[in-house]
Amino acid sequence: MKSPVIAVSGLTKLYGREETEVRAVDQIDLQVDVGDYVAIMGASGSGKSTMMNIIGCLDAPTSGTYRLDGIDVATLPDRELSRIRNQKIGFVFQNFNLIARTSALENVELPLAYAGVGRRERRRRAVEALTRVGLEKRLTHTPAQLSGGQQQRVAIARAIVGSPVMLLADEPTGALDSTSTTEVLDLFDQLSSEGRTLVVITHEDEVADRAKRVLRMRDGRIDSDLRQAPLDGPPPRLSLRREAS
Ligand SMILES: Nc1ncnc2c1ncn2[C@@H]1O[C@H](COP(=O)(O)OP(=O)(O)O)[C@@H](O)[C@H]1O
Ligand SMILES: [Mg+2]
């Protein structure tokens, strides 16, 4: 049995103290298995970003445990934590976070450089990842020379190039028009169908509709956790029956 990608237990994050205390994340238990595609939804202030920061090893919880791919991250010294984060998680952000005046290739090579991969191998894998996202004709373009949707695809190439155990995306379509949104969501569908694990934070129904599982947060807790049928799959029973009558 493979370890779950995410195994969280009693996870709590408090901000402030005493009368100003905020329970941004409040006693959350959550497991995400290999190959799952999870959307995390919830109103502003419900704790999504706090949850994302903890899952992404960018912040530590006040209490509770987090095992990332079987590793209890609280036990790791800072250097080791950075290494594990770089190796295990591919991040995708709302505003792409690409390095300006630097080619798509070099942006995608960067995490491999941190991981100590040699130059030739780095280049080979970056070309492969950019081809994977349909940008093989844009290798030497800089972010300013690319559309928003193309920039986000460079960011996705950068996120997958190191073969992480999960992609963690925070409002990945928040800065995109509807055409680019569809492109990015189609790409996520493909990555999911290849067995990759995706966790996507979003407030857009269009994004959540593509996920296999939708978590709704409210006041730092998980309010609902629902599996949904694939969009391309058979229609729900109810509508089938209604059509037949
Ligand atoms: N650094 C912080 N200091 C104090 N309170 C914070 C901080 N970050 C978030 N919060 C509070 O924690 C709660 C959850 O915030 P957040 O995780 O950003 O929610 P979301 O991303 O769903 O909008 C909110 O009440 C917010 O005001
Ligand atoms: Mg937020």
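Along the sequence shown, residues carry numbers from 1. Counting starts at 1 for both ligands and their atoms, following the listed order.
- For atom 21 (O) of ligand 1, a protein heavy-atom neighbour is found at a distance under 4.0 Å.
- Close approach of ligand 1 to S49 is summarised as follows: ligand atoms under 4.0 Å from at least one heavy atom of the residue are 17 (O), 18 (O), 20 (P), 21 (O).
- Nearest-residue assignment for atom 19 (O) of ligand 1 (options G220, G47, G16; heavy-atom criterion): G47.
- A 6.0 Å sphere centred on CG of D33 holds more than 12 heavy atoms belonging to other residues, nucleotides or ligands.
- Considering backbone and side-chain atoms alike, G45 places an N or O below 3.5 Å from some N or O of ligand 1.
- Of the protein's non-hydrogen atoms, Y15 CE2, 3.6 Å is the one closest to atom 1 (N) of ligand 1.
- With no hydrogens or angles considered, a side-chain donor-acceptor pair links E204 and T173 at under 3.5 Å.
- The closest side-chain donor-acceptor pair between S180 and D177 falls under 3.5 angstrom.
- For atom 7 (C) of ligand 1, the nearest protein heavy atom is under 4.0 Å away.
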Tell me which donor-acceptor pairs under 3.5 Å the side chains of residues 66-76 have, and how far apart each pair is, sequence neighbours excluded?
unit_1 : atom_1 : unit_2 : atom_2 : d
Y66    : OH     : I55    : O      : 2.7
R67    : NH1    : G70    : O      : 3.1
D69    : OD2    : K88    : NZ     : 2.7
D72    : OD1    : A74    : N      : 3.2
T75    : OG1    : D72    : O      : 2.7

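- With a cut-off of 2.8 Å, the Mg ion (ligand 2) has an N, O or S atom of S49 in range.
- Here the CZ-SG distance, from R83 to C57, works out to 12.5 Å after rounding to the nearest 0.5 Å.
- Atom CZ of R132 has more than 12 neighbouring heavy atoms from other residues, nucleotides or ligands inside a 6.0 Å radius.
- Under the 4.0 angstrom criterion for non-hydrogen atoms, G42 is not in contact with ligand 1.
- The protein atom (non-hydrogen) at minimum distance from atom 16 (P) of ligand 1 is T50 OG1, 3.7 Å.
- At the shortest separation from atom 12 (O) of ligand 1 among protein heavy atoms lies A24 CB, 3.3 Å.
- Other residues, nucleotides and ligands contribute over 12 non-hydrogen atoms within 6.0 Å of the OH atom of Y15.
- In terms of protein heavy atoms, atom 25 (O) of ligand 1 is closest to V22 CG1, 3.6 Å.
- Looking at E128 and R124, a side-chain N of the basic residue comes within less than 4.0 Å of a carboxylate O on the acidic one, giving a salt bridge.
- Counting only N and O atoms by type, the side chains of E106 and S103 include a donor and acceptor under 3.5 Å apart.
- Contact atoms of ligand 1 toward A43: 22 (O) (distance under 4.0 Å to a heavy atom of the residue).
- With ligand atoms numbered from 1 in the order given, ligand 1 contributes 17 (O), 19 (O), 20 (P), 21 (O), 22 (O), 23 (O) to contacts under 4.0 Å with heavy atoms of K48.
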